[in-house]
Amino acid sequence: MPSSDYITQNLMPGEQVVAVTRMHPRVLVGPAIVLGVALLLVLIGLIVGRDGVLFIVFGGGVALVGLLLGLALQVERATTECSCTDRRILIKTGFLTTQLREMPLTKVEALRVDQGLLGKIFGFGTLVLTGSGGTRRTCKNIEEPFEFYKHVQVQVALAQKAR
């Protein structure tokens with residue numbers, strides 16, 4: 001997967017992107033469930049008729065909440081990226097305000113992948129990087145965390161060997 005223009009614009013001279021990952025679409029499942037329940041309430045209200053106005057109003061409010069939550073998570077998903085270069089790990093988040101956090105590969109002391117049963121089934125998880133001094137960087141809910149982990153491991157080994 002190609003990196004974003006933002007990451008590309010913030011590379012050092014001669015630095016190359018090795019791997020990129022993004023948030024998994026599974027973050028949208030919660031809002032989809034809320035929206036489904038809301039639409040079910042509206043449908044029940046419509047079937048009941050005149051006595052179902054409360055169902056329609058409540059269901060409409062819940063649907064609005066589900067839509068807004070889904071939209072917010074979609075924007076977060078579209079604007080969050082974890083990249084590994086041949087020199088550092090970059091974590092870019094945000095749309096209106098952007099944060100770019102980094103950790104040089106030579107400072108990485110430990111890597112951990114957290115992946116539950118659903119993560120194994122659907123291919124998502126969290127990569128936690130611990131750097132010297134206890135610095136932690138987290139790539140949450142990313143697609144194929146073990147693939148990204150392997151790329152980071154290789155680059156960390158190469159960077160530490162070159163020191």
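Count residues from 1 along the sequence.
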Which is it for Leu28 and Gln74 under the side-chain contact (heavy atoms from CB on, under 4.5 Å) test, yes or no, and what are the steps along the way? CA-CA 7 Å; Leu28 302 173; Gln74 179 58 32; 3.0 Å; yes
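- Residues satisfying the salt bridge (Lys or Arg N to Asp or Glu O under 4.0 Å) criterion with Arg88, sequence neighbours excluded, are Glu15, Glu102.
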Would you sort out whether Met23 and Lys140 count as a side-chain contact (heavy atoms from CB on, under 4.5 Å), showing the intermediate values? CA-CA 7 Å; Met23 290 179 74; Lys140 295 169 102 177; 5.9 Å; no
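- Glu76 pairs by the salt bridge (Lys or Arg N to Asp or Glu O under 4.0 Å) definition with nothing, not counting sequence neighbours.
- Leu64 is linked by a side chain to side chain contact (heavy atoms under 4.5 Å, CB included) to Leu68, counting only residues two or more places apart in sequence or in another chain.
- Note that CZ of Arg26 is 11.5 Å distant from CZ of Arg77, once rounded to the nearest 0.5 Å.
- Separation of atoms CD (Gln9) and CG (Leu100) is listed at 11.0 Å; rounding is to 0.5 Å.
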Scan the side chains in residues 125-133 for donor-acceptor partners under 3.5 Å anywhere in the protein, sequence neighbours excluded, and list what turns up.
unit_1, atom_1, unit_2, atom_2, d
Thr126, OG1, Asn141, N, 3.4

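- Lys92 places no side-chain N or O within donor-acceptor distance of the main-chain N or O of Thr98, the cut-off being under 3.5 Å.
- Residue Ile89 holds its CD1 atom at 13.0 Å from NE2 of His151, rounded to the nearest 0.5 Å.
- In this structure, the side chains of Ile7 and Val20 stay at 4.5 Å or more apart for every pair of heavy atoms.
- Residues in residues 37-93 take part in no ring pair (Phe, Tyr, Trp, His ring centres under 6.0 Å) pair, two or more places apart or across chains.
- Side-chain contact between Leu73 and Pro31 is present, with at least one heavy-atom pair separated by less than 4.5 Å.
- We find the CE-SG distance between Met103 and Cys84 to be 12.0 Å, quoted to the nearest 0.5 Å.
- Partners of Thr93 by side chain to side chain contact (heavy atoms under 4.5 Å, CB included), not counting sequence neighbours, listed by chain and number: Thr80, Ile91, Gln99, Arg101.
- In terms of the salt bridge (Lys or Arg N to Asp or Glu O under 4.0 Å) criterion, Lys120 has no residue partners (sequence neighbours excluded).
- Summarising the geometry, atom CD belonging to Gln16 is positioned 10.0 Å from atom OG1 belonging to Thr8; distances are rounded to the nearest 0.5 Å.
- Listed by chain and residue number, His24 satisfy the ring pair (Phe, Tyr, Trp, His ring centres under 6.0 Å) test with Phe124 (two or more places apart in sequence, or in another chain).
- Asp86 is linked by a salt bridge (Lys or Arg N to Asp or Glu O under 4.0 Å) to nothing, counting only residues two or more places apart in sequence or in another chain.
- In the hydrophobic clustering (ILVMFWY side chains linked at under 4.5 Å, chained through shared members), Ile56 is joined by Val42, Leu46.
- Legend: residues meeting side chain to side chain contact (heavy atoms under 4.5 Å, CB included) with Leu39, ordered by chain and number and at least two apart, are Leu35.
- Under the side chain to side chain contact (heavy atoms under 4.5 Å, CB included) criterion, Leu158 pairs with Val154, Gln155, not counting sequence neighbours.
- The line from CD1 of Ile47 to CG of Leu40 is 8.5 Å long, rounded to the nearest 0.5 Å.
- A salt bridge between Glu144 and Arg22 is absent, with no side-chain N of the basic residue lying under 4.0 Å from a carboxylate O of the acidic one.
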